[in-house]
Amino acid sequence: MSSSAARTTDDTLRRFIRSADLKFRVKDVVQATYAIEDITVGFGGHVENTQLTSRVDQRFTTPISSDSLLETTKFTVINTATLRVPVEKLDTMLKSLAQFVDFLDHRTVKADDVQLLLYANRLAEKRIERSQQRMTDAVDEQGKKLRETTVAEDRLLERQAQADGVKLSSVGLEDKIAFSTITIHVYQRQELRYDVLANERSVDRYRPGFFSELASALGIGWQILVNLVLFLARSWSVILLFAAIGLLLWKVNKVKASK
């Protein structure tokens with residue numbers, strides 16, 4: 001995860017804006033997100049933006065009974081975050097992220113030299129300052145000429161607005177130079193969720209037809225017959241005992257009847 005583009009140098013002639021963009025899979029997005037946020041703060045940085053969501057990839061229902069449906073949801077938990085860390089901690093921060101990577105999709109590290117842009121802003125500031133001074137002198141020379149004074153002051157305000165814009169641009173560049181921006185896209189393996197729902201549609205369409213009910217009835221009758229045969233088979237000793245007792249009693253009654 002380390003990169004030479006993420007390391008600071010002692011070259012004072014160059015001013016770099018260092019940034020990184022990463023996308024990788026983790027074991028658990030929620031746990032990884034909390035851990036990465038803590039690491040960012042520990043390095044003296046801050047979390048500029050984070051968006052934790054569950055993306056539904058597919059959802060469908062399957063009838064499982066006359067009044068119930070099984071809803072299946074395939075979803076992926078993802079998080080997109082923007083981190084800001086001191087530029088001297090960028091390389092260390094990238095190395096710290098390696099512990100969470102289960103599969104790396106991509107990693108892009110950039111070092112944009114903005115020295116010329118800063119120099120151009122300084123030149124623009126000087127030009128605008130000179131123009132402002134000339135306009136200020138012109139306003140002072142107008143005296144009581146209200147119309148000319150108003151036009152000159154409007155132009156002066158325009159120059160001041162331009163000067164503020166250039167200064168803000170320079171301040172923004174200095175902030176990006178001092179604090180690197182890391183954009184991360186993390187996700188985990190697709191998961192499944194099952195929910196049993198009530199079937200709100202009419203249950204009549206699920207009522208079995210005559211032949212289905214006839215087949216079901218024949219099956220139940222056959223099962224009863226099988227159970228009866230099995231019961232008799234399991235009770236053969238008892239049946240044999242009662243048969244022997246019955247035969248004995250019949251013989252005894254026959255002997256008595258013959259006397």
Side-chain angles (χ1 to χ4, degrees), residues 1-11 14-65 67-114 172-200:
M1 300 292 287
S2 180
S3 172
S4 59
R7 301 180 191 137
T8 58
T9 64
D10 296 330
D11 186 1
R14 301 286 183 179
R15 304 295 302 280
F16 291 102
I17 293 178
R18 290 178 166 84
S19 60
D21 184 272
L22 301 95
K23 182 178 181 180
F24 53 92
R25 188 179 68 205
V26 298
K27 297 293 186 181
D28 187 295
V29 168
V30 176
Q31 293 181 3
T33 296
Y34 292 154
I36 292 172
E37 291 175 353
D38 291 341
I39 292 174
T40 302
V41 175
F43 283 148
H46 62 275
V47 179
E48 192 171 83
N49 178 59
T50 181
Q51 186 176 8
L52 182 65
T53 59
S54 293
R55 183 189 65 206
V56 177
D57 302 316
Q58 187 179 9
R59 178 179 287 152
F60 56 91
T61 58
T62 305
I64 56 175
S65 68
D67 60 354
S68 300
L69 297 172
L70 179 64
E71 182 184 64
T72 303
T73 304
K74 297 181 179 181
F75 66 97
T76 305
V77 181
I78 59 177
N79 183 44
T80 301
T82 303
L83 315 174
R84 300 292 303 280
V85 296
V87 63
E88 63 272 11
K89 297 293 184 180
L90 175 59
D91 187 53
T92 308
M93 181 68 186
L94 293 179
K95 292 177 181 177
S96 299
L97 294 178
Q99 61 183 303
F100 304 104
V101 176
D102 183 46
F103 177 83
L104 179 65
D105 290 75
H106 73 257
R107 188 218 64 168
T108 304
V109 181
K110 296 172 59 179
D112 297 320
D113 189 358
V114 294
L173 290 174
E174 292 291 348
D175 177 69
K176 292 180 180 179
I177 291 172
F179 277 79
S180 295
T181 300
I182 304 175
T183 304
I184 61 172
H185 313 269
V186 296
Y187 63 98
Q188 64 189 47
R189 291 185 182 276
Q190 188 182 72
E191 295 187 41
L192 292 175
R193 176 186 174 92
Y194 300 101
D195 296 289
V196 177
L197 307 177
N199 190 353
E200 298 178 354

Hey, could you give me the [atom1]/[atom2] distance between [X] and [Y], rounded to the nearest 0.5 Å?
X     : Y      : atom1 : atom2 : value
Thr62 : Glu71  : OG1   : CD    : 10.0 Å
Ile39 : Thr92  : CD1   : OG1   : 11.5 Å
Asp57 : Lys74  : CG    : NZ    : 9.0 Å
Leu94 : Arg107 : CG    : CZ    : 6.5 Å
Thr61 : Asp195 : OG1   : CG    : 12.0 Å
Leu70 : Ser65  : CG    : OG    : 10.5 Å

For Arg84 and Asp175, run side chain to side chain contact (heavy atoms under 4.5 Å, CB included): C-alpha distance rounded to whole Å, both residues' side-chain angles, the deciding distance at 0.1 Å, then the answer.
CA-CA 10 Å; Arg84 300 292 303 280; Asp175 177 69; 3.0 Å; yes

Do [X] and [Y] have side chains that get closer than 4.5 Å, going by heavy atoms?
X      : Y      : value
Ser68  : Asn199 : no
Ile182 : Leu22  : yes
Phe24  : Val186 : yes
Ile36  : Met93  : yes
Leu83  : Phe43  : no
His106 : Asp21  : yes
Ile177 : Val87  : no

Which pair of heavy atoms, one from [X] and one from [Y], lies closest together, and at what distance?
X     : Y      : value
Val30 : Asp28  : N-OD1, 3.1 Å
Val56 : Arg59  : CG2-NH2, 3.7 Å
Gly45 : Phe179 : CA-CE2, 4.5 Å

Any donor-acceptor pair under 3.5 Å linking the side chain of [X] with the backbone of [Y]?
X      : Y      : value
Arg25  : Phe103 : no
Ser180 : Arg18  : yes
Gln99  : Ser96  : yes

Salt bridge or not between Arg15 and Glu174? Use side-chain N to carboxylate O under 4.0 Å.
yes

Please identify which of these residues, Thr76, Asn79, Asp102, Asp105, meets the side chain to side chain donor-acceptor pair (under 3.5 Å) condition with Tyr187.
Asp105

Let me know which of Thr53, Val29, Leu52 forms a side-chain contact (heavy atoms from CB on, under 4.5 Å) with Ile78.
Thr53

Surrounding CD of Gln51 (heavy atoms of other residues, nucleotides or ligands, distance under 6.0 Å), is the total greater than 12?
no

